[in-house]
Number of protein chains: 2
Amino acid sequence: MPAALISRGEVLDHLTEAFRVHGFEGASIARLSEATGLGKASLYHYFHGGKQEMARAVVAHLGESFQRLVLAPLRTSGDPAQRLNAMILGVDQFYDRGEAACIVDLFGIGGAGEMFREPLAGAVKAFTDAVAGVVAETGLPADLARRRAEDAFVALQGALVVARATGDRTVFKRTLSEIPGRLLAAA
Amino acid sequence: MPAALISRGEVLDHLTEAFRVHGFEGASIARLSEATGLGKASLYHYFHGGKQEMARAVVAHLGESFQRLVLAPLRTSGDPAQRLNAMILGVDQFYDRGEAACIVDLFGIGGAGEMFREPLAGAVKAFTDAVAGVVAETGLPADLARRRAEDAFVALQGALVVARATGDRTVFKRTLSEIPGRLLAAA
DNA sequence: GTCTATAAGCAGATAGAC
DNA sequence: GTCTATCTGCTTATAGAC
């Protein structure tokens, strides 16, 4: 039983990076092989289901990071404003300060769309539910809290698209910094 | 000189639709052939530069629609609020009520990214410039007007991503309806 | 667990008949 | 201007040695 040259976690990190840069269709097996440093056949050893399974694993992997970095801070016990600020820090890290595309956007396009609609829509709902909950704690009506949480996610996604298109991450930085204030503003 | 079975404008409409659904990499020549009803060789007769030129033509074609539907209403002489409302109607039509993806998002991904960065970043700038101009007419400081115009474009893009991911265009509709108010709110 | 070599099919693109 | 047939290279995926 020879040892693996690279851990499964590391393989997933490299795959994630490659999918985030090239999208599902653009991430060829050759590119994924190069990104991981593994031969094609080794990749198929890890993922019998081929590219589709690699993408599934990446979605699951990112889901865990999202839980840890973005959702977990919202569930702590503390001041709502502080928890939202902590969430924003997690978002900044999760998207590598605006450098990394969101898989919800990438995999919403083309063939990958049908395949991953459910888990990705689930992530959107998990985020808006959690944020709306924190906002509602401050005494705002539940429906207003929900709309604001949706707006926050929309702003997040839009800022990533604009940052990528213009090559300027300033918009991402500013958008993130303004989200807590918009969420908690007086009704 | 036999007549063409389909006008160049119609060909471009079908190509645009296909690129918007599948993205650049996902839109194979076979799919583009099927979408237009033309054989592969006929497509190459229209576009000697191949798929790249088809994509360029689609970007130019969408640029014209964007000018006509979104930017032109901003340049009319009239009440700023009315002009912004007219712009929003154009946006709603341009994106087919949230059904159609934005090329700024689609072509910002993968290999197409490098190729179209300039015209797409230009479109972002044209929009924010025009909107900021109208907002500034109402007496708001220029830098605030600019930030709000950026926020409007960010919200637009984000709403499209979320609508596509969740399959629910309600967010798009609501986001659009709130943009004029956010742009013109008292400082 | 990793590799080289290779299969089978699809990609973009072209030739040449009509 | 359109088509069928075809070329070349890249794609996903597998076989089998080490």
Side-chain angles (χ1 to χ4, degrees), chain A residues 1-59 61 106-107 109-116, chain B residues 1-59 61 106-107 109-116:
Chain A
M1 179 168 122
L5 296 184
I6 184 179
S7 75
R8 187 181 162 94
E10 288 173 300
V11 170
L12 276 177
D13 284 339
H14 291 307
L15 289 180
T16 299
E17 165 73 8
F19 275 119
R20 271 181 153 179
V21 169
H22 300 290
F24 181 77
E25 324 250 16
S28 68
I29 300 292
R31 269 205 257 251
L32 296 173
S33 168
E34 190 183 5
T36 55
L38 262 48
K40 295 183 192 179
S42 296
L43 271 182
Y44 280 90
H45 173 79
Y46 279 86
F47 305 96
H48 277 218
K51 184 169 161 176
Q52 228 179 301
E53 194 191 330
M54 297 180 212
R56 262 198 304 273
V58 161
V59 168
H61 184 60
L106 286 173
F107 282 12
I109 294 163
E114 310 301 314
M115 237 159 10
F116 300 107
Chain B
M1 181 168 122
L5 297 183
I6 183 178
S7 76
R8 187 182 161 93
E10 287 173 300
V11 170
L12 275 177
D13 283 340
H14 291 306
L15 289 180
T16 299
E17 166 74 8
F19 274 119
R20 268 181 154 178
V21 169
H22 300 290
F24 181 76
E25 323 250 17
S28 68
I29 300 291
R31 268 204 259 252
L32 296 174
S33 168
E34 190 182 5
T36 54
L38 260 48
K40 293 186 194 181
S42 296
L43 271 182
Y44 278 90
H45 173 79
Y46 279 86
F47 305 96
H48 277 219
K51 183 169 163 177
Q52 225 177 305
E53 193 191 329
M54 297 179 211
R56 261 197 305 272
V58 161
V59 168
H61 185 60
L106 287 173
F107 282 11
I109 293 163
E114 310 300 315
M115 236 157 15
F116 299 106

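Chain letters run A, B, ... following the sequence lines, proteins first and then strands; every chain starts at 1.
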A:Leu12, A:Asp13, A:Val11 screened by side-chain contact (heavy atoms from CB on, under 4.5 Å) with A:Thr36, the one that passes:
A:Val11
Could you state the NE2-C1' distance from A:His48 to D:dA15, rounded to the nearest angstrom?
13 Å
Just so I know, are the side chains of B:Ile29 and B:Met54 near enough to count as touching, which here means a heavy-atom distance under 4.5 Å?
yes
Polar atom pairs between nucleotides 11-13 of chain C and protein, under 3.5 Å, N or O only, would you list them?
unit_1: C:dG12; atom_1: OP1; unit_2: B:Lys51; atom_2: NZ; d: 2.7
unit_1: C:dG12; atom_1: OP2; unit_2: B:Ile29; atom_2: N; d: 2.4
unit_1: C:dA13; atom_1: OP2; unit_2: B:Tyr44; atom_2: OH; d: 2.8
unit_1: C:dA13; atom_1: OP2; unit_2: B:Lys51; atom_2: N; d: 3.1
unit_1: C:dA13; atom_1: O5'; unit_2: B:Tyr44; atom_2: OH; d: 3.2

Length of the line joining A:Leu38:CG and D:dT12:P, which is rounded to integer Å:
16 Å
Kindly write out the residues that satisfy ring pair (Phe, Tyr, Trp, His ring centres under 6.0 Å) with A:Tyr46, not counting sequence neighbours, or none if the list is empty.
none
Within 45° of the ring axis of B:Phe24 and under 6.0 Å from its six-membered ring centre, is that where the NZ or CZ of B:Lys51 lies?
yes
Take atom CD of A:Glu34 as the centre, draw a 6.0 Å sphere, and report whether it contains more than 12 heavy atoms from other residues, nucleotides or ligands.
no
Would you say A:Ser42 places a side-chain N or O within less than 4.0 Å of OP1 or OP2 belonging to C:dC3?
yes
Atom-pair distance (CZ on A:Phe47; P on D:dT12), nearest Å:
15 Å
How close or far is atom P of D:dT11 from atom CG of A:Leu32, stated in whole angstroms?
11 Å
Tell me: CZ of B:Arg8 to P of D:dG1, nearest whole Å?
11 Å
Starting at NE2 of A:His45 and ending at P of D:dC18, how long is that distance when rounded to a whole Å?
19 Å
Test your reading of the model: is there a side-chain donor-acceptor pair from A:Glu17 to the backbone of A:Ala35, 3.5 Å cut-off?
no
Quickly work out the A:Glu53 CD to D:dT14 P distance and round it to whole Å.
12 Å
